[in-house]
Amino acid sequence: MSEEVTCINLDDRLSVVRELFIKHKFHHLMVTDSKNQLIAVISERDYLKATNSNIELPAANEKDLAMLNKRVHQIVSKKLVAIKQFSPFSEAIKTFHDTGMSCLPVINSNNQPVGVITSRDIIKWLYSKVNSAKS
């Protein structure tokens with residue numbers, strides 16, 4: 001699990017999402033309310049579907065750039081899938097399997113994000129188990 005969680009608000013513009021994805025080089029942002037409670041996740045895929053690929057090109061026109069003025073709530077799915085802190089790892093694996101998600105936010109008892117598990121984390125863990133068995 002990565003404990004580095006970056007949160008944004010439902011009313012933030014996609015320009016903020018773009019800046020955070022570029023700055024931090026990760027693929028998921030946690031969307032929280034005023035009490036820092038997790039309400040959604042926005043993925044890089046969500047962002048790319050909502051914007052035009054021309055945005056990054058010098059030929060981007062006003063219509064392309066206007067897409068960055070959209071707000072997070074206009075594109076994010078409200079169907080939140082998360083896991084409670086201190087849940088068994090097997091529960092995380094089952095949730096990944098059952099939902100097909102690529103990211104699983106980890107929340108505390110107050111529904112606040114404390115970390116994130118990605119499918120890449122699962123692969124790293126499996127790889128370490130396979131390699132330690134060879135030793």
Any side-chain heavy-atom pair from [X] and [Y] closer than 4.5 angstrom?
X	Y	answer
L14	T51	yes
F26	E4	yes
S119	S102	yes
I8	I42	yes
V116	V106	no
K70	Q74	yes
L80	V41	yes
T6	F21	no

Atom pair SG/CG of C7 and L38 - distance to nearest 0.5 Å: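 So the gap between those two atoms works out to 7.5 Å.
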Point-to-point distance, once rounded to the nearest 0.5 Å, from CD1 of I22 to CD of E19: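 Between I22 CD1 and E19 CD, I get 7.5 Å after rounding to 0.5 Å.
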CA sep, side-chain torsions, deciding dist, call: I117, I122, side-chain contact (heavy atoms from CB on, under 4.5 Å): CA-CA 8 Å; I117 300 173; I122 303 289; 4.2 Å; yes
Tabulate below the donor-acceptor pairs under 3.5 Å that side-chain atoms of residues 89-98 make, not counting sequence neighbours, or state none.
unit_1, atom_1, unit_2, atom_2, d
K94, NZ, D98, OD2, 2.4
T95, OG1, E91, O, 2.8

Report yes or no: do [X] and [Y] belong to one cluster of Ile/Leu/Val/Met/Phe/Trp/Tyr joined by side chain heavy-atom distances under 4.5 Å?
X	Y	result
V76	L68	yes
V5	V114	no
L20	I75	yes
M101	L126	yes

Residues in side-chain contact (heavy atoms from CB on, under 4.5 Å) contact with K124, at least two apart in sequence or another chain: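 For K124 the side-chain contact (heavy atoms from CB on, under 4.5 Å) partners, ignoring immediate neighbours, are R120.
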Exam field: side chain [X] to backbone [Y], donor-acceptor pair closer than 3.5 Å:
X	Y	value
N131	S128	no
R13	N69	yes
N108	Q112	yes

Could you pull out all donor-acceptor pairs under 3.5 Å where a side-chain atom in residues 29-36 meets a protein atom, sequence neighbours excluded?
unit_1, atom_1, unit_2, atom_2, d
D33, OD1, K35, N, 2.9
D33, OD1, N36, N, 3.3
D33, OD1, Q37, N, 2.9

Donor-acceptor side-chain pairing of S43 and D46 below 3.5 angstrom: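 Judged by distance alone, the side chains do pair up.
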